[in-house]
2 protein chains.
Amino acid sequence: MTNPQPARRRVPRNTLNRERVLGAAVDLLDHAGPDAFTMRALAQRLGVGTMAVYSHFKGKDEIIDAVRERLLAEVELPPAGSGRTPREELRELCRAVYRLLSDHPSVLHLLTVRPVHGDEGTAVVERIVGLLLATGLDRPAAARAQTALMQYTVGAALWTARGRQRAGGHEDPGAALRTRFAELPAERYPHLVDLAPELASAQDGLPQYEHGLDALLGGLLAGY
Amino acid sequence: MTNPQPARRRVPRNTLNRERVLGAAVDLLDHAGPDAFTMRALAQRLGVGTMAVYSHFKGKDEIIDAVRERLLAEVELPPAGSGRTPREELRELCRAVYRLLSDHPSVLHLLTVRPVHGDEGTAVVERIVGLLLATGLDRPAAARAQTALMQYTVGAALWTARGRQRAGGHEDPGAALRTRFAELPAERYPHLVDLAPELASAQDGLPQYEHGLDALLGGLLAGY
DNA sequence: ACCTGAACACCGTTCAAGT
DNA sequence: ACCTGAACACCGTTCAAGT
């Protein structure tokens, strides 16, 4: 909270720049959530007047775009041609995207709240499409497969974030769901009451994502 | 014995109720989008002072919950045991959920912005789990499959809504993406430039969803 | 060029008051 | 019980002014 006091020395007045603003924005988003991501809170975290930020960004929307671009660029592309099969590389690439979205739930919100304008994440898409073609898919099938993989990845990350949000703190995200389902009237919801523990176990983030991802990849690449 | 109504010529003062408020809220959300969904705008649409709504709902959050519940309850469950195979019923059920989310993009926003507390959509989940068990999946596999199907459905609907939002009006959602990809530097993004038309075609909503859904179902039910 | 405080037009909601 | 207007504490952003 308290920023490092830069001594009483005559500190250069212009200690603010785009980089510092973006860093504080990511911190604020990841730590306090989208609702607390305010221009005023951002400026306060930077130890500066609210309007100082406007000297480096046109407005909040430009900051949102920049944050999204910065985080999407952070996806670690696995080294190419490491002797694995295209399908294994695909798996790892998708997991990297999921990990990013899962580590920074704020990006999901930014993706939802504002359409993508720039070339953010383009490198990842290029790589995935290339791998899909390498497995033998024809061009329309590769395009549909790429879209389906991204759709599932975004949905799974959103689902996980929603679960964490609902659980509040550090508790097990499935716990609330288990008790909720277990307490349902068994006449109307026999399967949910019965499968409450299993459904709760399926809220475990990465393992669940991998289960669905393998099924999806299996279906998309069937026969290749 | 229906009592003869007093039939006062005088128009009843209290013409506002929860039902009317919810109807206006859905209209406002679907027509003007989440940003325009304001308590003041809602009241104005109802021809009433802003605070009148607070006589029927505790606040905006309660309206959000009620709208979500109302729309999720609208998912048309296909008639049970219509002679089709469980897999065909599963497909139709998932398509119904997708259609609802696609027709009312606002629900997606409501799902993102606020965790689910009530039993909304529980009936659909019950049905899907039952069908998955009927295909022969064991309990953990059925739970994971149910979660994966919902994750993919939410992600696909969100993707489609995002594309429509980016396209602005009634244009082809893939058009913008096609030109954007086609104009990329071909040295860095050879596949994207090459597959721009196919990737644009994959932004067509329901057909793309069905492609991914069939792949996912195929992978989840492989061997059963 | 960079930063500031006051001010404007919004927002959700509280409150005291009307019927 | 239902509805109202004024007011409060927020928000993003404009503006004129400081350095």
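Throughout, protein chains are lettered first and strands after them, A, B, ... in sequence-line order, and every chain is numbered starting at 1. Predicted, not measured: the structure shown is a model, and the values here were computed from it. FYI, side chains are in, hydrogens and waters are out, and symmetry mates aren't considered; it's all heavy atoms of this structure.
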Taking [atom1] from [X] and [atom2] from [N], how many angstroms apart are they, rounded to a whole number?
X        : N       : atom1 : atom2 : value
Arg18(A) : dC3(C)  : CZ    : P     : 14 Å
Gln44(B) : dC3(D)  : CD    : C1'   : 17 Å
Leu16(B) : dT19(C) : CG    : C1'   : 16 Å
Glu62(A) : dG12(D) : CD    : C1'   : 15 Å
Arg40(A) : dT14(D) : CZ    : C1'   : 12 Å
Met39(A) : dC11(D) : CE    : C1'   : 11 Å
Asp35(B) : dC10(C) : CG    : C1'   : 13 Å
Leu46(B) : dT4(D)  : CG    : C1'   : 15 Å

I'd like to know if the side chain of Tyr98(B) pairs up with that of Thr160(B) as donor and acceptor (distance under 3.5 Å, no hydrogens or angles considered). yes
Does a side chain donor of either Trp159(B) or Gln203(B) reach within less than 3.5 Å of an acceptor in the other side chain?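 A donor-acceptor contact under 3.5 Å links the two side chains.
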With both distances under 3.5 Å as the test, what is the Watson-Crick or G-U wobble partner of dG5(C)?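 dC15(D) - that is the nucleotide pairing with dG5(C), both distances being under 3.5 Å.
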Heavy atoms only, 4.0 Å cut-off, all strands: where does Phe57(B) land among base, sugar-phosphate and nothing?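 Here Phe57(B) touches no strand at all.
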Nucleotide nearest Met51(A) (side chain, heavy atoms from C-beta), chosen from dC3(C), dT13(D), dG5(D): dT13(D)
State which of dC3(C), dC11(D), dT13(D) makes the closest approach to the side chain of His56(A).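 Per side-chain heavy atoms of His56(A), the pick is dC3(C).
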May I ask you to verify if any side-chain N or O of Tyr54(B) is less than 4.0 angstrom from the OP1 or OP2 atom of dC3(D)?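 Answer no for this pair, as no side-chain N or O of Tyr54(B) is under 4.0 Å from OP1 or OP2.
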Give a yes/no answer on whether the side chain of Ser55(B) brings an N or O atom under 4.0 Å of OP1 or OP2 in dA1(D). no
Taking the six-membered ring for Trp, are Tyr152(A) and Tyr152(B) parallel (under 30°), tilted (30 to 60°) or perpendicular (over 60°)?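 Geometry flag for Tyr152(B) against Tyr152(A): tilted rings.
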So, Arg18(B) and Glu62(B), do they make that salt bridge, N to O below 4.0 Å? yes
The residue, Thr50(B) or Ala36(A), whose nearest nucleotide of DNA chain D is more 5′ is Thr50(B)
Minimum heavy-atom distance Arg68(A)-Val107(A), with the two atoms named: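 Where Arg68(A) meets Val107(A) most closely, the heavy atoms are CG-CG1, 4.1 Å.
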